[in-house]
Amino acid sequence: MGDSGEVLYEYRGSRFILERQAGWYTTKSWYAVTGIVNGAARLELPEFYQGSPVTHWKAGAGKHGAGLSGVESLYIPRGITCIAIDNGLLPGLKKVEVQQGHGDFSTDGKMLYTEDGEVLLYSFAEGNQEEAVVPGKVKKIADGAFRHSRCQRIRFENQDVTAARDAFAESEWIEQDRAYVLVGNMFFRLNYAMEKLVVPQGIRRFHESAFDKAVPRHLVTSIMPSRGILDKLGGRGSGWGCLEVTLSSTRMRVDFEAVRRIEGLQALHVAEGHKKYKSQDGVVFSRDGRCLLYYPAGRQEKNYAIPEGVVKLAQWAFCGQGYLKGVFMPDSVKAVGTGAFYQCRALDRVRLSRGLREIPDACAYQGTGVFEQCVSLKEIALPEKLRYLGSYAFCGSGLREIVLNEGLRQVGEYAFLAENFQEVVLPSSLERLGRGALYYVQRVEACIGTAKGLVSAVNAVHPFCTEKRGKMEWGRCMVRARYRRGERTELFLIPGSLRRSAACHLEMAWNGGGIDYEEYDACFREITDPEERLEFARQGILRLKGEEDTPYTTYMKHSALKIASSLVEGRKEEEFLAFLEERYLSEAALAKLLKMTNKAGLTTYSAYILKYQNEKRPRDTKAGKGIPGQRKLVL
């Protein structure tokens with residue numbers, strides 16, 4: 001025995017190389033035939049060696065797999081339970097024998113099968129003939145079954161037989177110069193790229209590796225390829241993909257979701273007279289033309305006018321289209337499916353149907369809002385009759401500006417989750433906003449008493465972030481709240497530094513019939529950023545002018561000079577005058593403030609300070625008297 005554990009064993013006129021085997025889970029050992037130095041005309045495999053069983057035969061064309069052209073007959077005893085060899089190891093083989101009662105293998109004298117005869121393991125002698133016949137009982141041809149076989153023709157008695165990917169690898173039959181290979185009623189392989197491939201009649205399926213080697217530009221088929229086949233037709237991983245598909249059967253059910261896997265497809269045609277569909281210039285519609293089902297992702301037209309009479313756009317109808325820039329939707333369209341324009345990255349102009357009343361929500365688990373990830377879409381106007389704008393509608397888009405129609409009642413969650421969308425005017429008809437609908441918006445104009453859920457629409461956990469990270473990200477938004485009648489407006493600040501525990505106060509302040517300032521003011525002490533606290537306090541100056549005890553009193557006393565300086569720098573004259581009347585500024589603070597205004601050349605503000613110092617009115621001066629010469633403030 002050599003250092004490698006191999007032994008040379010002469011048995012029945014043949015010399016075998018055996019290798020001792022052992023499992024980690026048992027103390028028992030066995031031997032495997034790993035090579036044959038020379039073989040007799042009748043090659044009989046050993047069943048035992050020194051009392052240990054010989055159970056495996058594994059030899060190929062390598063170190064221990066030289067061709068044994070003199071072997072004409074092979075005998076396999078019951079002890080051999082696993083065979084993994086090169087089918088071309090015995091090129092002169094004429095006969096195969098398996099010991100009677102073998103539990104793993106069977107033979108017809110030419111080929112080796114599994115015990116039930118349903119799997120062809122090795123063609124052996126049959127593969128050396130001019131024509132090989134695969135019996136009707138065989139359901140599957142195993143990997144390497146015909147490897148290195150010399151037969152020129154193979155006949156399959158069972159037309160439904162399947163074959164492993166490498167069943168015919170390196171055989172003369174598979175290497176013949178022809179466009180494609182058929183195995184029974186299966187299209188097994190396309191050998192080279194071609195402009196147009198018409199799949200022969202009678203073919204009922206494609207092998208998983210049918211288009212591994214090559215892809216046609218135009219495929220004509222009466223059977224629907226599987227999703228894996230469609231992936232390969234799309235040319236993934238290669239520079240050549242299928243551009244056109246014709247489905248020639250009038251009864252075929254088309255899986256449009258699967259067809260979209262051919263990313264570069266420019267046209268999909270269906271048979272004339274199809275029971276469910278019709279195609280027009282490569283675009284597929286329902287048979288009656290009322291529903292647009294599929295627009296090819298690789299079609300290179302820049303603009304498309306949906307035909308008049310179309311009532312519905314199907315789910316994902318234009319999904320993934322990479323060239324379309326403009327879409328005109330006729331007023332006959334009443335419904336748009338989920339994700340209809342999902343990932344249309346070049347789309348920058350859409351004319352929506354005036355008959356639309358709803359843009360639907362995204363799928364519960366897949367996202368895919370109607371215009372989600374349309375990164376080139378910068379602006380759009382919603383039609384007058386629209387009542388509902390669904391969730392994720394413009395999520396991840398390039399949207400900057402939108403005209404929301406008067407009559408719109410509800411907006412779904414994360415509908416405007418677009419980084420460049422930062423300002424919006426909400427119609428007075430809007431009743432409710434979904435969570436995160438205005439996630440990136442910083443300026444909003446809305447009617448008081450409308451748009452319930454505004455606070456959570458601005459501040460919500462990002463749908464693609466963890467809850468922990470979401471708590472760290474709280475957006476700031478300034479709401480210009482207008483009354484339904486007249487031109488009066490008020491400012492409603494949603495602070496970015498507000499503690500989440502106080503968010504409920506903002507929600508209650510906005511979601512009533514009017515702004516509840518008692519709830520609004522309760523947020524003040526929960527603002528953590530000094531600049532925002534100052535801004536929040538500044539807004540309350542005019543609103544709470546003259547009141548003795550406000551949430552801002554203590555803050556104003558301690559930060560009086562900072563607040564006044566901020567008002568001066570911001571040229572907030574009206575707020576500055578109101579703040580002076582509150583008498584929070586000490587004499588020293590007034591002196592510093594006067595020095596600052598003189599240095600900056602703000603003579604008007606300097607005059608106000610001097611008049612205030614000269615007046616020295618008592619704390620209980622009645623509201624409205626103020627500083628001599630000051631106009632009365634209307635709040």
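Nothing here was measured: the structure is a model prediction, and the numbers come from that model.
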Exercise for review: Flag the pair R476 and E535 as a salt bridge only when some basic side-chain nitrogen lies within less than 4.0 angstrom of an acidic carboxylate oxygen.
Suggested key: yes

Exercise for review: Classify the side-chain pair E406/S428 by whether it contains a donor and acceptor separated by less than 3.5 Å.
Suggested key: yes

Review point. Checking ring-ring contact (aromatic ring centres under 6.0 Å, His included) for the pair F576/Y605: CA distance, chi angles, key distance, verdict?
Key: CA-CA 9 Å; F576 179 72; Y605 287 91; 5.2 Å; yes

Point to revise | Exercise: identify the closest heavy-atom pair between K325 and L347 | key: O-CD1, 3.5 Å

Exercise for review: Kindly say whether A362 contributes a backbone atom to a donor-acceptor pair with the side chain of S391 at under 3.5 angstrom?
Suggested key: yes

Study note, to complete from the structure: S332 and V310 have their tightest heavy-atom pair at OG-O, 2.8 Å

Check your understanding: Do W316 and Y342 make the cut of ring centroids closer than 6.0 angstrom?
Key -> no

Practice item. Could you check whether the rings of F371 and F394 sit parallel, tilted or perpendicular, using 30° and 60° as the cut-offs? Key: parallel

**Study point:** Row check, F524 ring normal vs R533 NZ/CZ: under 6.0 Å, within 45°
**Key:** yes

Review point. Can you name the closest pair of heavy atoms from Y439 and A460 and give their distance?
Key: CE1-O, 3.0 Å

Practice item. Count the heavy atoms of every other residue, nucleotide or ligand shown that sit under 6.0 Å from NZ of K572, and state whether that count exceeds 12. Key: no

Review point. Is a side-chain donor-acceptor pair under 3.5 Å present for S376 with D348?
Key: no

Point to revise | Check: R387 side chain, K385 main-chain N or O, donor-acceptor pair, under 3.5 Å | key: yes

Practice item. Check the pair L399 / I380 against side chain to side chain contact (heavy atoms under 4.5 Å, CB included), numbers first and verdict last. Key: CA-CA 8 Å; L399 193 68; I380 195 170; 4.1 Å; yes

Review point. What is the minimum heavy-atom distance between D255 and R227, and which atoms define it?
Key: OD2-NH2, 3.3 Å

Review point. Donor-acceptor pair, T368 side chain versus G339 backbone, under 3.5 Å?
Key: no

Point to revise | Rounded distance [0.5 Å steps], CG in L426 versus OG1 in T450 | key: 7.0 Å

**Study point:** Pair D288 + K278: basic N to acidic O under 4.0 Å
**Key:** no

Review point. Strictly by modelled atom types, are N303 and R349 linked by a side-chain donor-acceptor pair under 3.5 Å?
Key: yes

Exercise for review: Using modelled atom types only, decide if a donor and an acceptor are shared between the side chain of N511 and the backbone of G453 within a distance under 3.5 Å.
Suggested key: yes

Exercise for review: Give the minimum heavy-atom separation between L265 and E244, together with the two atoms involved.
Suggested key: CD1-N, 3.6 Å

**Study point:** Whether K452 side chain and G449 backbone form a donor-acceptor pair below 3.5 Å
**Key:** yes

Check your understanding: Taking S566 for the side chain and K562 for the main chain, is one N or O donor matched with an acceptor at less than 3.5 Å?
Key -> no

Check your understanding: So, D361 versus Y388: side-chain donor-acceptor pair below 3.5 Å or not?
Key -> yes

Exercise for review: Return yes if a side-chain donor-acceptor contact under 3.5 Å exists between Y608 and E573, otherwise no.
Suggested key: yes

Point to revise | S397 side chain to Q373 backbone, donor-acceptor under 3.5 Å | key: no

Review point. Do you see a donor-acceptor pair shorter than 3.5 Å between the side chains of Q410 and E431?
Key: no

Check your understanding: Hey, is the main chain of S497 close enough, under 3.5 Å, to the side chain of E532 for a donor-acceptor pair?
Key -> yes

Review point. So does E518 have more than 12 non-hydrogen atoms from other groups sitting under 6.0 Å from CD?
Key: no

Exercise for review: Might you confirm whether atom CZ of R290 has over 12 heavy atoms from other residues, nucleotides or ligands at distances under 6.0 Å?
Suggested key: no

Exercise for review: Using atom types as modelled and distance alone, determine if a side-chain donor or acceptor of N405 lies under 3.5 Å from a backbone N or O of E384.
Suggested key: yes

Review point. Does D331 use its side chain to pair, donor to acceptor, with the backbone of G355 at less than 3.5 Å?
Key: no

Exercise for review: Measure from the ring center of Y304 to the ring center of Y295 and say whether it is less than 6.0 Å.
Suggested key: yes

Exercise for review: I would like to know whether Q315 and C363 meet side chain to side chain contact (heavy atoms under 4.5 Å, CB included); could you show each step before the answer?
Suggested key: CA-CA 10 Å; Q315 187 178 34; C363 296; 3.6 Å; yes

